[in-house]
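Data first, discussion second: the structure below is written as structure tokens.
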Amino acid sequence: MNTQGMDTRFERASIRIDAEGQGAVPKLSDLRDIAARLRFAPQDGRIWLDDERAVLLRASVFAALRRELLESLGVDKARALLTRIGYSAGARDASLAISLRGSRELIDVFAVGPQMHALEGFVAVEPIRIDIDVEKGVHYVEQIWHDSMEASAHIEAAGLATESVCWMQIGYASGFNSALFGRPILFREMSCRGAGDPHCHIIGKPVDEWCDVEADLRFLSPEDFVNAALVRRRTPFQDAAGAPVSASDTDFMVGASSGFLSACNKLQQVAGTNAAVLLLGETGVGKERFAKMLHRVSRRAAEPFVALNCAAIPENLLEAELFGVERGAYTGAGEARKGRFERADRGTLFLDEIGTLNEAAQAKLLRALQEREIERVGGSASRSVDVRVVAATNVDLAAAVKAGQFRADLYYRLNVFPIRIPPLRERRDDIALLVNHFLTKFMAAHGKRVSGFTHRAIAALLGYDYPGNVRELENLIERGIIMAPESKAIDRHHLFQPEEAPPEPILGMDPRGSVRPLNPAEQTVEPDETAVQDIVERALDLAMPLRALERGAIREAVKRAGGNLSHAARLLGMSRAQLAYRLEKDKEE
Ligand code: ZN
């Protein structure tokens, strides 16, 4: 059995469940495999759902939380927040669905969403009509939700509503379907028990098949996730004149993960001040977009935003570039010219890769920040400038200071307000949102329609580590749209070149004899009993504590994997989350 056959079957398959048409009550598959992922470890004070920690939260506590949310945020913001949380959880469970049932029928993979919802105690799902055909671009899901916990909680918190209230669950359904099929799918409640109906009746379709989606998208559109995080005192992501910020500026500002939203919150906190900001993060996380956004929501928004990548300018020209040149300062400087500082006067100057500045430039920059004045190269007159500096770096500046490569005084000037933008692999929940976002963007840009992604492509996108971060993901999606045939689904080979493709999932046989991709914890060969015996005996002979043995194994695996935790986890036969937890624990001890 090879993965090729498996995936073709999945991709071509369609789900069609229709109670009336078939004369049989449609049924979702057995959920024991998901239930087996739920493990209670009371001795550690932990509950595990797959490789994530979970808690038991009583419905009355959820209702109390909801009441507080409604009272402190108001209905709209509480709804946005809960929809977002649900969307994020749904997107995450799409990865679980693929790792758990990737090789089975499409209906089984799809069923993970409703079944997780049931297992977590939110709702009992009764499918009415499910019609999904990836190749034809058909997506229609109609279900009844019986006895929704969220509806009960809302009634308990705020009484009977006039509109549907299962916001978190609707977010979940939209997130799960959008992530699993790689296209924006929107769910709506046609009726809701929270509004006095006997049960909740939901329908999910591609966003472009609904009318009047603005209200729903206010809570679900990627940009609004950021906007919602920034709604505090000022209107979100509008420039000084009140016009909304254009889509291209918000391009990388898409996400619902806690790491991303925390960076956005910090951005919002500091935007209204004149403080210097230092943006920290790997290449491709969108540092310049963050800087632009900071400028757009600041009081300087009507003034210029000037950017300079310090690493892109030859060292001998850098000073002239930053501070300008007087006429005849050196050969070739025929005319006097303003530098970036002068051009950014009253506005914002963004200095990328600040760690590459040489000693002379560092000294001049420090002076400009301290004295608020500059001197052009070849001139002696001081010119005062009013510039807010936003610097960015992908190197550890504190370490560079220790090593004597970067001035400590300049570092403290720049590091007044650091904001760390997490790499994409630390905000995996956002991958699905970003995929949807770039899909829409590049279909419009290239005037081409595709029907979505094949299961294989989605599995690869959700499983990849993205060393090039959001920029790399953006390039992959653009390439996919160009490579895929018109109105067909984007497949894995349209996204990745053979040499850069992430590893294929390893297939294994489960106890009932069906072949499926193994989850990382299972991707090890059965240990050889005599080898185990040998190691055990040697460890006991040396009176070696079990913890030391475990730690040694973990350290060695991380080393062999070159620091790639997913790879190291595979070597150890555990999940990435479990490995990260052990490493964290080792650090604490
Ligand atoms: Zn409802």
Side-chain angles (χ1 to χ4, degrees), residues 17 19 26 28 31 57-71 73-91 93 110-130 139-178 184-205 207 209-221 224 228 256:
I17 291 185
L28 299 178
L31 57 71
L57 188 71
R58 273 173 287 178
S60 57
V61 178
F62 183 80
L65 268 174
R66 192 170 176 110
R67 184 183 306 117
E68 291 273 340
L69 278 179
L70 285 165
E71 281 169 6
L73 296 177
V75 173
D76 267 11
K77 283 182 200 165
R79 176 178 171 187
L81 179 75
L82 289 167
T83 309
R84 218 162 44 236
I85 290 173
Y87 192 102
S88 201
D93 282 353
F110 170 83
V112 168
Q115 290 179 332
M116 277 293 271
H117 240 165
L119 183 70
E120 288 173 353
F122 280 106
V123 78
V125 182
E126 180 196 334
I128 301 296
R129 204 184 126 203
I130 303 173
H139 199 109
Y140 183 89
V141 177
E142 188 174 348
Q143 291 170 333
I144 298 285
W145 282 344
H146 293 283
D147 198 20
S148 153
M149 188 280 266
E150 197 174 1
S152 305
H154 189 91
I155 295 170
E156 196 179 327
L160 214 55
T162 50
E163 282 182 289
S164 53
V165 296
C166 300
W167 305 322
M168 200 159 96
Q169 288 167 229
I170 280 292
Y172 180 94
S174 301
F176 181 80
N177 279 264
S178 301
I185 306 289
L186 178 69
F187 276 73
R188 271 185 186 164
E189 280 193 283
M190 314 316 285
S191 62
C192 178
R193 207 166 63 79
D197 298 309
H199 47 240
C200 308
H201 175 202
I202 65 158
I203 292 180
K205 293 191 291 191
V207 166
E209 291 176 23
W210 287 104
C211 304
D212 305 321
V213 289
E214 285 71 26
D216 307 78
L217 294 185
R218 254 188 26 240
F219 306 115
L220 273 179
S221 86
D224 195 69

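In each ligand, atom 1 is the first atom listed, and ligand 1 is the first ligand listed.
- The two residues H146 and E126 come nearest to each other via the heavy atoms NE2-OE1, 2.7 Å.
- Of all non-hydrogen atoms in G194 and L160, the two that sit nearest each other are O-CD1, 3.5 Å.
- Looking at R193 and D147, their side chains come closer than 4.5 Å, going by heavy atoms from C-beta outward.
- Residues M168 and F122 have side chains in contact (heavy-atom distance under 4.5 Å, counting atoms from C-beta outward).
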task: Please report the C-alpha distance between Q169 and H117 in whole Å, then the side-chain angles of each, then the deciding distance to 0.1 Å, and finally whether the side-chain hydrogen bond (donor to acceptor under 3.5 Å, both in side chains) criterion is met.
output: CA-CA 8 Å; Q169 288 167 229; H117 240 165; 4.8 Å; no

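- Taking the charged nitrogens against the carboxylate oxygens, E150 and R66 do have a contact shorter than 4.0 Å, which makes a salt bridge.
- Around the Zn ion (ligand 1), the protein N, O or S atoms closer than 2.8 Å are C166 SG, E189 OE2, C192 SG, C200 SG, listed by chain and residue number.
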